[in-house]
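Below is one structure, written out as structure tokens; the observations come after it.
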Amino acid sequence: MRELVRPPRLREGDRVRLVAPCSPVPAAQLDAATEVLRGWGLEVGHAPHVRDRHPRLPYLAGEDATRAADLQEAWCDPDVDAVLCVRGGDGAHRTLDLLDFDAMRRAAPKALVGFSDITALHEAFAVELGVATVHGPVVGTKYFVGDAVAQDELRTTLFRPERRTVLTSPGAHALVPGRARGVTFGGNLSLLNDGLATPHSRLSASGGILVLEDVGEDVARLDRMLTHLLRTGWMDGVAGVALGTWTDCPPDPGVIADLMRERLEPLGVPVLWGLEFGHCAAQLTVPLGVPAVLDTGAGSLELDVPGLA
């Protein structure tokens, strides 16, 4: 797994575009996020269809074609310095199928920010564009609006990334002890599993520090998804695993931790439990596509270089 091209950091006066490539965003949350970002000194633009809702499928933010067009136009617009996703949810894989990656490769790299369903975009942008991305809050949700810690995490990563190279949380500890070096990648377990052996998804986790989180999945389903990734050989050669939050994943975090240890320990690589990224308040922002050291003794994921250049 190779280190990816890091997009430039943001500066006051830069222009960002808010896009909805997955599920629809509540209008009040979108407006609140816009004001926060303007308070950072950014010029905030909305994609033409960011407020759309699909006419028949209420879990999608508009038609597939318009969601893809908004994302592609934002990425290819030379006057846009970063693309921020307003919502995860559903629909990212449908959006991917309609992107013209040849056209997008001709555009200069810029930060793409989001998590959850946006995992599909992180993977595709790594595979097709070779660009590092940012696993951080989707700004039109409670994971950004009203969450001062998550806002500060993202703002620092975007504007002063050299200050956010050591990622740790108070309760982070070893499930499988050790220290490993690799390139950060991953995100939501369900999306990685769903993307397996599909276009725009990587063929292997080899050489990577895999970051994983999920929400609303019981232990049996998490077991099935993780076992699927293991049985296909996709996990062979992974350097280490950093586990985030497992919000509303019954029966309880202790059982989820036991599952992760039981499934991942045979890989013989370090596994860190308890980094607070994912579907949680005050989430850590995690740059993807950069070299890093996973140290379970220190309870940390330390980036060799800042997430943005």
Side-chain angles (χ1 to χ4, degrees), residues 10 16 18 21-23 25-26 29-30 32-33 36-37 39-40 82-89 92 111-123 132-161 163-173 184-192 209-217 222 241-249 253 256-257 260 272-290 292 294 299-303 306-308:
L10 294 184
V16 300
L18 305 189
C22 307
S23 290
V25 60
Q29 298 280 67
L30 177 61
V36 170
L37 296 168
W40 294 359
V83 179
L84 278 60
C85 299
V86 297
R87 175 84 194 276
L112 173 78
V113 181
F115 83 112
S116 194
D117 205 53
I118 307 304
T119 297
L121 303 184
H122 290 312
E123 285 288 279
T133 56
V134 179
H135 186 283
V138 279
V139 297
T141 71
K142 66 179 181 180
Y143 300 109
F144 181 80
V145 174
D147 190 328
V149 175
Q151 290 174 16
D152 184 65
E153 276 281 321
L154 180 59
R155 184 178 186 177
T156 303
T157 300
L158 292 177
F159 285 85
R160 296 182 176 176
R163 297 187 178 184
R164 297 299 299 129
T165 58
V166 180
L167 308 181
T168 188
S169 300
H173 64 275
T184 58
F185 81 107
N188 184 267
L189 173 58
S190 298
L191 269 293
L192 292 171
I209 300 291
L210 174 61
V211 301
L212 285 178
E213 64 84 33
D214 217 319
V215 61
E217 304 285 358
L222 293 175
V241 183
L243 299 170
T245 56
W246 305 89
T247 303
D248 298 329
C249 290
I256 304 302
M260 295 296 165
L272 181 66
W273 173 268
L275 281 185
E276 294 176 4
F277 65 87
H279 292 76
C280 61
Q283 67 167 286
L284 293 171
T285 295
V286 183
L288 303 177
V290 297
L294 180 67
S300 66
L301 178 65
E302 183 171 357
L303 308 179
L308 299 180

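Below, all heavy atoms of this structure are taken into account, side chains as well, without hydrogens, waters or symmetry copies.
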Determine the minimum heavy-atom distance between [X] and [Y], stating which atoms define it.
| X | Y | answer |
| --- | --- | --- |
| D214 | S190 | OD2-OG, 2.6 Å |
| P287 | L303 | CG-CD1, 3.6 Å |
| V113 | L154 | CG1-CD1, 3.8 Å |
| T245 | E276 | CG2-CA, 4.1 Å |
| A111 | L308 | CB-CD2, 4.3 Å |
| A33 | V139 | CB-O, 3.1 Å |

With distance as the sole test, does [X] use its side chain to make a donor-acceptor pair with the main-chain N or O of [Y] at under 3.5 Å?
| X | Y | value |
| --- | --- | --- |
| T168 | G299 | yes |
| T119 | N188 | yes |
| T184 | G289 | yes |

task = Show the numbers, then the answer: is there a side chain to side chain contact (heavy atoms under 4.5 Å, CB included) between W40 and V16?
result = CA-CA 11 Å; W40 294 359; V16 300; over 6 Å; no
query = Taking it one step at a time, do E302 and L167 satisfy side chain to side chain contact (heavy atoms under 4.5 Å, CB included)?
reply = CA-CA 6 Å; E302 183 171 357; L167 308 181; over 6 Å; no
task = Report the relative orientation of the aromatic rings in W246 and W273; use parallel for angles under 30°, tilted for 30 to 60°, perpendicular for over 60°.
result = parallel
ask   = By side-chain contact (heavy atoms from CB on, under 4.5 Å), which residues pair with C22, not counting sequence neighbours?
value =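 Expected list: A92, D117, I118.
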Distance check, rounded to the nearest 0.5 Å: [X] atom [atom1] versus [Y] atom [atom2]?
| X | Y | atom1 | atom2 | result |
| --- | --- | --- | --- | --- |
| H122 | L112 | NE2 | CG | 6.0 Å |
| L243 | I256 | CG | CD1 | 11.0 Å |
| C249 | L222 | SG | CG | 5.0 Å |
| Q283 | Y143 | CD | OH | 8.5 Å |
| L30 | T141 | CG | OG1 | 11.5 Å |
| H173 | L275 | NE2 | CG | 11.0 Å |

request  = Please find out if less than 6.0 Å separates the ring center of F277 from that of F115.
outcome  = no
Side chain proximity check, [X] to [Y], heavy atoms < 4.5 angstrom:
| X | Y | answer |
| --- | --- | --- |
| I209 | V241 | no |
| L121 | P21 | yes |
| E153 | R164 | yes |
| E213 | L189 | no |

message = Is there a side chain to side chain contact (heavy atoms under 4.5 Å, CB included) between D147 and V149? Walk through the geometry before answering.
response = CA-CA 6 Å; D147 190 328; V149 175; 3.8 Å; yes
request  = With side chain to side chain contact (heavy atoms under 4.5 Å, CB included) as the test, would you mind laying out the steps for V36 and Q151 before giving the verdict?
outcome  = CA-CA 9 Å; V36 170; Q151 290 174 16; 3.7 Å; yes
query = Of T165, V286, T285, which is the lone residue that meets side-chain contact (heavy atoms from CB on, under 4.5 Å) with T157?
reply = T285
